[in-house]
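Heads up, the thing below is written out as structure tokens.
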Amino acid sequence: MGENQDSLLEIVRKKLKQNITQIENRSDLTEEEKISLIVKTFSATCAAIAIQPIPFADIFILTPIQAYMGSRIGAIRGLPISERKVKEIIKEIGGIVGLGLLAQQLVISGYKTFIPFLGAITTIPIVYGMTYAIGKVIDAYFIQKRKSGKIDPEVLKSLWKDMLKKGKKIGKEQADNIKKAKDEYATWD
């Protein structure tokens, strides 16, 4: 990763840690409510980052943030897990559901590079939806691991499809708010 990407990633991680810690420490929320807030927070954050003018670097910034999200979901579910292990789980889930992360990242970069005027319009729902689906599927994965340890690939495929569709819809609805939030990243220290 380049220096600017490292810097952006560290700034985002610092801000996310503050927000996520506040959510995790709330005693008035159930596990499900905490996870829902965390998944939406990470989804919006990843979508805002994805519309930054950093072509082809998204995978190096978004994947670590999504892994951090997975580690926080695991902690809430009582399964503390490293971000490195979550990256492996994301790859495993990706293999199960047929997720081509690299292919989707290339599409996002293509929109930003070759069709910049459509970049934000198309990128926000895609990235929000992908991150949302990753969070929801990781949560289901952890719940199942905690119960029996067995993962039904067909259940994960179905959940992925449903959550990606739902996440894209939410991302489209939240696009204006996400575009406004994008400008905040420039002022984070």
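Side chains included, hydrogens not; waters and symmetry mates left out as well; all remaining heavy atoms used.
- For the atom pair Thr21 OG1 and Arg72 CZ, the distance stands at 7.0 Å (nearest 0.5 Å).
- Expressed to the nearest 0.5 Å, how far CG of Asn177 lies from CD1 of Ile124 amounts to 9.5 Å.
- Listed here is the closest heavy atom pair of Lys87 and Pro64: CE-CA, 4.1 Å.
- Here the side chains of Leu62 and Thr131 are not in contact, with every heavy-atom distance at 4.5 Å or above.
- Here Gln144 pairs with Ser148 under the side chain to side chain donor-acceptor pair (under 3.5 Å) rule; sequence neighbours left out.
- Residues forming a side chain to side chain donor-acceptor pair (under 3.5 Å) with Arg26 (at least two apart in sequence, or on another chain): Asp28.
- Pairs passing the ring pair (Phe, Tyr, Trp, His ring centres under 6.0 Å) check and including a residue from residues 14-36, sequence neighbours excluded, do not occur.
- Not counting sequence neighbours, the partners of Phe42 by the ring pair (Phe, Tyr, Trp, His ring centres under 6.0 Å) test are Tyr68.
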Could you go through residues 77-84 and list every donor-acceptor pair under 3.5 Å that involves a side-chain atom there, pairing it with any protein atom two or more places apart or in another chain?
| residue | atom | partner | partner atom | Å |
| --- | --- | --- | --- | --- |
| Arg77 | NE | Asp139 | OD1 | 2.6 |
| Arg77 | NH1 | Glu31 | OE1 | 2.7 |
| Arg77 | NH1 | Glu32 | OE2 | 3.1 |
| Arg77 | NH2 | Glu32 | OE2 | 3.4 |
| Arg77 | NH2 | Asp139 | OD1 | 3.3 |
| Arg77 | NH2 | Asp139 | OD2 | 3.1 |
| Ser82 | OG | Lys85 | N | 3.0 |
| Glu83 | OE1 | Arg13 | NH1 | 2.8 |
| Glu83 | OE1 | Arg13 | NH2 | 3.3 |
| Glu83 | OE2 | Arg13 | NH2 | 2.9 |

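- Heavy-atom minimum distance, Tyr132 versus Lys166: OH-CE, 3.3 Å.
- Among residue pairs with one or both ends in residues 38-52, none qualify as salt bridge (charged side-chain N to carboxylate O under 4.0 Å, His left out); sequence neighbours excluded.
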Q: For side-chain contact (heavy atoms from CB on, under 4.5 Å), just list the numbers for Val39 and Ile73, CA-CA rounded to whole Å, side-chain angles, deciding distance to a tenth of an Å, and then say yes or no.
A: CA-CA 8 Å; Val39 169; Ile73 292 169; 3.9 Å; yes
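- Here the SG-CE distance, from Cys46 to Met130, works out to 8.5 Å after rounding to the nearest 0.5 Å.
- Scanning both residues, Leu164 and Ala133, for their nearest heavy atoms gives N-CB, 3.6 Å.
- Remark: side-chain polar atoms of Ser158 are not paired, donor with acceptor, to backbone N or O of Glu154 under 3.5 angstrom.
- For the pair Tyr141 and Leu156, the tightest heavy-atom approach, listed with the atom from each and the gap, is CD1-CD1, 4.4 Å.
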**Q.** Residue pair Glu24, Ile38: steps toward the side-chain contact (heavy atoms from CB on, under 4.5 Å) verdict
**A.** CA-CA 9 Å; Glu24 287 180 18; Ile38 284 173; 4.0 Å; yes
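- Distance check, rounded to the nearest 0.5 Å: CD1 of Ile23 to CD of Glu33 gives 11.5 Å.
- Taken together through direct or relayed side-chain contacts under 4.5 Å among Ile, Leu, Val, Met, Phe, Trp and Tyr, Leu16 and Ile49 form part of one hydrophobic cluster.
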Q: Under the side-chain contact (heavy atoms from CB on, under 4.5 Å) rule, what do Lys15 and Gln18 come out as? Steps first, then yes or no, please.
A: CA-CA 5 Å; Lys15 184 68 173 177; Gln18 293 169 352; 3.8 Å; yes
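- When all heavy atoms of Lys34 and Ile76 are compared, the closest pair comes out as CB-CD1, 3.9 Å.
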